[in-house]
Amino acid sequence: MKKVLFATTALVMTAGVAAAEVAVWGDGRLGLRYESDTSYTADSSYNVINRLRVRFRLTGESDSGISFGGNLRSDQAASAGDNASATSGDVWVSGAYGKLTVGDVDAALEKAVGDLPEVGLSGLDYWNEFAYGTSSEADGDASMLYEYSIGNANLYASFSDGYYGNGADERDTQSWSLGVGYDLGNYTFGIGYEKSDYTVNPFSIEQDDGTITTVFGDLGNAADSESWGISGGTSISGVTFKAAYIDTSSDNENWDSTQYGVGAGYEMANGVGLSAFYRKTEFDNVNVEGRAFGLGASYDLGGGAVVKGGIVDTDANFADMNYDNTLADFGLAFTF
Amino acid sequence: MKKVLFATTALVMTAGVAAAEVAVWGDGRLGLRYESDTSYTADSSYNVINRLRVRFRLTGESDSGISFGGNLRSDQAASAGDNASATSGDVWVSGAYGKLTVGDVDAALEKAVGDLPEVGLSGLDYWNEFAYGTSSEADGDASMLYEYSIGNANLYASFSDGYYGNGADERDTQSWSLGVGYDLGNYTFGIGYEKSDYTVNPFSIEQDDGTITTVFGDLGNAADSESWGISGGTSISGVTFKAAYIDTSSDNENWDSTQYGVGAGYEMANGVGLSAFYRKTEFDNVNVEGRAFGLGASYDLGGGAVVKGGIVDTDANFADMNYDNTLADFGLAFTF
Amino acid sequence: MKKVLFATTALVMTAGVAAAEVAVWGDGRLGLRYESDTSYTADSSYNVINRLRVRFRLTGESDSGISFGGNLRSDQAASAGDNASATSGDVWVSGAYGKLTVGDVDAALEKAVGDLPEVGLSGLDYWNEFAYGTSSEADGDASMLYEYSIGNANLYASFSDGYYGNGADERDTQSWSLGVGYDLGNYTFGIGYEKSDYTVNPFSIEQDDGTITTVFGDLGNAADSESWGISGGTSISGVTFKAAYIDTSSDNENWDSTQYGVGAGYEMANGVGLSAFYRKTEFDNVNVEGRAFGLGASYDLGGGAVVKGGIVDTDANFADMNYDNTLADFGLAFTF
């Protein structure tokens, strides 16, 4: 339903050249977005939502049957073409030994444990996503992800040049991660571990321009950290449930944190979809905690058009101070 | 003649999915450009003209027959993919109730009243275009345009987060606009109204890098303003004529202005085209006025190639000071 | 082998419109890169190599048989769409009178004399390339290149708005160049001349972000300069050899320089390829000299996938100071 591929014809073919293909598709959306406390200045705002992205999926196969390919979005075309390390798009190679993907990828811990269901038309600042050290929250350096499947298990290993700030000494800090996910019929299970040369601050928000802000002090910390996480899910009468828990232990104990949350999703036969999440984050040793609650609904109009809307309520406390923000959006999402 | 579309095949089709399509086409040009007084520094300049743009037109239809789509240019791909409000490209949805377009669109006043004929290969700083409050002269915030047709009348309504400067307090100033255009066989007629939280300075020029400069003081003004405009056109012996008048009344009366102009175009059967415009702008209460006169010619080589050239002479007076600038270009324009 | 073209169908055709075509293809790579002395700070670095680029080739033909077209890369889409002079991509027109290409093109001297064989997966800072005044080393202004073939000779003439710095007085400095290349069966030969309003510093490196740095002082010099170059090549038992010599004479004699080098390449029937170069650069009148030596190997996996690796050793001396840097990379390159 998502992919309209071009029929391609290799006009310049030589013997022994396997088929390579470029698929062009896209997505778009239009609507309105409301925020009760924009940028924590106590000002509310309405904004037009609109965007259009053309997507390219490139695939090929070597003579000996090794698959390779890549994915590129029009809005990330420039940063996917850097001479050395591109921070957008991805390139992969896959064979009997597994799949290696390089570029803008999730790390092993995030691949195994995952996030909560997304709500709304525009993601609503993606409060449904946990803060992972090597996640793509920051427009980070290129990462490598290795995936291998055995039976019902998916094994993940990753290496990332993650960064959490702009200072020279904060860049090129590295992170390693391992994870495994199980798919046992009606149950799913994931567990992972991550070791980083820094500590991510879970009280952060990705702004629309890609910068990262945080309510409480700096984003991240130069102290080393270890994180581990676990998640489990099941499906009852067509409703899928998920719970996840992530614990981060930093060399700076003020940055030790715990994140957890639950989510649910329901796709009805009549085209209606519902999703919800509740997520909580707290520092272990200082009096800072936050939570977000989100509800979303959608209705599939067919042909790639979906009506979507959502609301997210966030609440964060820093000692005596309290920050509330409510986000909502509504509109149409398209896939071409 | 303009559009070369790919034959698309939906390789991944499920029942009930209507056809979605991505068309890829493009335009290019090469030539030379001359300016007698570049950036009002009294230096003349020659420049190579060259550009190439790939264009994407995405279309789809829901099961119930609602059309939707979007348009994207390669040079605007990045700014069309913003997470909330994209400032380039557009996304639209259309049905029996009319058409709603969101993104980089003209406002209702400009849709109804329009501009004068363009001359030359490269637009020559688009002196043929009037200054509209919610036009896309500045790389403005996303706008919404609603269009509805009844008989020979096209109704327009728009909302825009226009801005005319870079200061924080100058942004997110809004503008509303209404317009109607009639197409009465050999005559066309348009009228519209616009109310803005700011006043546009009609003595402004869009530089090649997208920034807006002006000969006389700041661009725009934080005072509220109202504009109304009217235009009419006809066709005599294959020559089309147009005249337009736009009046702006600002809360700061020094910024009250009047713009008007006439234009003509002629497309001959042998592939030769001619166009011309004369445009005048004056502040009502201060001694500032300017005018531009342009002439253009083209010859269609067939297959998407057109020889084009033009010359624009501008003259602006600010009290005792006088600024003259002559622009000219010549070359080939291509459509792929 | 490089090009997968879409089958295109002109859905909107009118009589007399020749076929225009948009071909979409791409390239990608993934691997690792090592540098022993990053940015001459004596720090070594490892980096992930990854990039993906979609490419567009637009072609058309006028009714009278004039060919035209253009080339655009996804990572350069924005800078190829400037209103006047785009610094990326190219647009061309071709007929019986020769071919004119405008945009990001090499100048006549570089077209005729050329560079040495590239080594490695990622170009390794392109030490195999000579410093040409109007080359595209700097993200320069648009250039025009005219090509015409007579028998075995290819004639080149070019004009460029080259620049070598960011100051206003350093821009819009122009350069003219002429060249001719001969293809005499098993021998090739090239000679060219270039006159510039500036002098290029051959001790410069293009960084990954496109900026130009240099080990010794400023890049370029406002003094006028003349360069001439000569190159010759032959093929013996399947091994191709090339030698080139470029001499630059500047109005500031401290900037007089000599560049020369040799290269060799070998493509075996079993898919293995080898390449090597040695390049030397020295100022004629001051005690500054440098050299680079590179080795590369590749193995064609078929289907557009090639294993590639390379190593480049550089050495530069400025009076008593010595700068050494070793670069190496390894990975997979893909063509889609």
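Letters go in sequence order (proteins before strands), and every chain restarts at 1. It should be emphasised that the depicted structure is a prediction, and the values quoted were computed from it without experimental measurement.
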A:S227 meets the side chain to side chain contact (heavy atoms under 4.5 Å, CB included) criterion, sequence neighbours left out, with A:L109, A:E194, A:T248
Is any side-chain heavy atom of A:L58 closer than 4.5 Å to a side-chain heavy atom of C:L52? yes
Does any heavy atom of chain C fall under 4.5 Å from the side chain of A:F68, the backbone, both, or neither of them? both
For C:L32 and A:M144, work out which heavy atoms get closest and say how close. CD2-SD, 4.3 Å
Residue pair A:L72 / C:S74: nearest heavy atoms and the distance that separates them: CD2-OG, 3.6 Å
Can you tell if the side chain of A:F159 reaches within under 4.5 Å of the side chain of C:V48, non-hydrogen atoms only? yes
Say you draw a straight line from OG of A:S88 to CG of C:D75; how long is it, rounded to the nearest 0.5 Å? 11.5 Å
A:L100 versus C:L30, closest heavy-atom pair with distance: CD2-CD1, 4.2 Å
Measure the spacing between CG of C:L301 and CG of A:D63 and express it to the nearest 0.5 Å. 8.0 Å
Taking every non-hydrogen pair under 4.5 Å, which of C:G28, C:G31, C:G123, C:A305 racks up the most with chain A? C:A305
Below 4.5 Å from any heavy atom of chain A, which atoms of C:L332 appear? Answer side chain, backbone, both or neither. side chain
Taking all atoms of both residues into account, what is the closest heavy-atom pair of C:F334 and A:W92, and its distance? CE1-O, 4.0 Å
